[in-house]
Amino acid sequence: MPRWTAIYVVSSFVYLLLGGAWGAWMLATKGQAMGGVPWVYRAWHVESMLFGWLTQFIWGIGFWIFPRFWTARPRSELIPWVWTLLNGGLVLGIWGVFARNVGLRFVGHVGLLAAAVLFTRHAWPRIKPPGA
Amino acid sequence: MPFYTRLFVKTSLVYAVLAVGLLALTDLASLLRWNNFSPYQTALHLFLVGWVLQLIIGIAYWMFPKYTRERPRGYDSLMALSYGALNLGLVLRLAVEPVPTFWVAPWARTVFAISSVAQWLGLLAFVVNMSLRIKVK
């Protein structure tokens, strides 16, 4: 697999384990008085699982297996930027959850938006019929 | 397809049906005012863990680069642990979570604790096995 796929997959595994651990804590404290602690920050579980794990894993594998133009992956220079914006956005967004700072969360989500736009720009021409 | 791919993918398809069925039951419970039946969160997790995650695990196990010639797909014992733990966790969750009056009972807390540890162990076993197979070419 390409180096950037490996980077995306390893990063996605980190979020899967961390976000999964938070979710496990939420489930384990369900119905208990201390259940409020993890539940207050449940956005961190949701965003790490949906964006940190699922989206990041899919983008990494997509970069690897989508059709290529002869041997080249067009616009692959965008892929490090996508990773930086996605992970930077996630860290800021999660920081915003714990700091209860909506401004930080907004900046984080704008980072995720920029990452999604750039990945779409990368992947768009690679969705093509055989031989094109 | 290898055995664990077939196992994870077929199981994931069953969860897709169960999750959507439970989603419909959520609406029915609301319509019929079954106040002590609230399966929405369980349906979401059956969908995302049971269906989406297990489908990904099955396909990744099949498609990732080979580990070694002797163990092309890594350690099958880890995949068995992943499958058993994830599904035990999901089934336990399904048994307790949809009925909120259960939650405060001591036995339910034990079930939630076992379910949460089991699901996380299932994730860990998958991550360890697939991490061995990440190879840059």
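Reminder, nothing fancy here: chain letters follow the sequence lines and each chain counts from 1.
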With hydrophobic residues grouped by side-chain heavy-atom distances under 4.5 Å, do [X] and [Y] end up in a single group?
| X | Y | answer |
| --- | --- | --- |
| A:Phe66 | A:Ile58 | no |
| B:Val17 | B:Trp51 | no |
| B:Leu55 | B:Val20 | no |
| B:Leu44 | B:Leu23 | yes |
| A:Phe106 | A:Trp95 | no |

Residue part contacting chain A, namely of [X], when any heavy atom lies under 4.5 Å:
| X | result |
| --- | --- |
| B:Ala118 | neither |
| B:Ile114 | neither |
| B:Phe126 | side chain |
| B:Val52 | side chain |

Quiz item: Does atom OH of B:Tyr40 have more than 12 heavy-atom neighbours from other groups under 6.0 Å away?
Solution: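 For B:Tyr40, atom OH is not crowded (no more than 12 foreign heavy atoms under 6.0 Å).
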
Quiz item: Taking atom NZ of B:Lys10 as the centre, does the number of heavy atoms from other residues, nucleotides or ligands within less than 6.0 Å exceed 12?
Solution: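 Result for NZ/B:Lys10: open.
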
Exercise. Output the option from B:Leu48, B:Thr110, B:Val117, B:Ile56 having the highest count of non-hydrogen pairs under 4.5 Å with chain A.
Key: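 Most pairs with chain A among the choices: B:Ile56.
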
Can you find a pair of side-chain heavy atoms, one from [X] and one from [Y], that are under 4.5 Å apart?
| X | Y | value |
| --- | --- | --- |
| A:Val14 | B:Val127 | no |
| A:Thr29 | B:Phe112 | no |
| A:Lys30 | B:Glu97 | yes |
| B:Phe64 | A:Ile61 | yes |
| B:Pro65 | A:Met1 | yes |
| B:Arg93 | A:Leu27 | yes |
| B:Met63 | A:Ile65 | no |

Where [X] and [Y] come nearest, the two heavy atoms and their spacing:
| X | Y | value |
| --- | --- | --- |
| B:Trp120 | A:Gly20 | CD1-C, 3.5 Å |
| A:Ala6 | B:Val136 | CB-CG2, 3.7 Å |
| B:Ile134 | A:Val9 | CD1-CG1, 3.7 Å |
| B:Ser116 | A:Ala24 | CB-O, 3.0 Å |

Quiz item: Is it the side chain or the backbone of A:Trp53 that comes within 4.5 Å of chain B heavy atoms, both, or neither?
Solution: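 Side chain only.
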
Practice problem: Find the distance between CG (A:Leu16) and CG (B:Leu124) and round it off to the nearest 0.5 Å. | Solution: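 The CG atom of B:Leu124 is 9.5 Å from CG of A:Leu16, to the nearest 0.5 Å.
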
